[in-house]
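Single-structure report; data block below.
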Amino acid sequence: MGKIEALLDTNVVIAMLVEGHEHHAPSLALLTEGNPARYAVAARSYA
């Protein structure tokens with residue numbers, strides 16, 4: 001298993017899925033323009 005480079009909050013996942021979200025494009029780019037295997041997702045959000 002490779003090194004995890006970042007921990008993504010669930011708010012980032014929500015922004016990836018909701019096209020109308022102001023951070024949709026940069027959040028989705030984390031998966032489409034890079035190596036998604038290098039990220040982990042936090043199980044909880046405090047937002």
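This is a predicted model, so every value here is computed, not measured. Just so it is clear, the values below take in all heavy atoms, side chains as well, and ignore hydrogens, waters and symmetry mates.
- Applying the salt bridge (charged side-chain N to carboxylate O under 4.0 Å, His left out) rule to pairs touching residues 23-42 yields E5-R38, sequence neighbours excluded.
- Of all heavy-atom pairs between D9 and A42, the closest is CA-CB, 4.2 Å.
- Smallest separation of non-hydrogen atoms from T10 and V41: CG2-CG1, 4.3 Å.
- Residues H24 and L17 are not in side-chain contact: their nearest non-hydrogen atoms beyond the backbone lie 4.5 Å or more apart.
- Its side chain within the 4.5 Å cluster rule, V18 clusters with I14 among the Ile, Leu, Val, Met, Phe, Trp and Tyr residues.
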side-chain contact (heavy atoms from CB on, under 4.5 Å) between L28 and E19: does it pass, once the steps are laid out?
-> CA-CA 9 Å; L28 186 60; E19 290 182 8; over 6 Å; no

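- Interatomic distance, Y39 OH to L31 CG, rounded to the nearest 0.5 Å: 7.5 Å.
- Rounded to the nearest 0.5 angstrom, H23 NE2 and N11 CG are separated by 10.5 Å.
- When the side chains of ILVMFWY residues are joined at heavy-atom separations under 4.5 Å, either directly or via intervening members, L30 and I4 end up in two distinct hydrophobic clusters.
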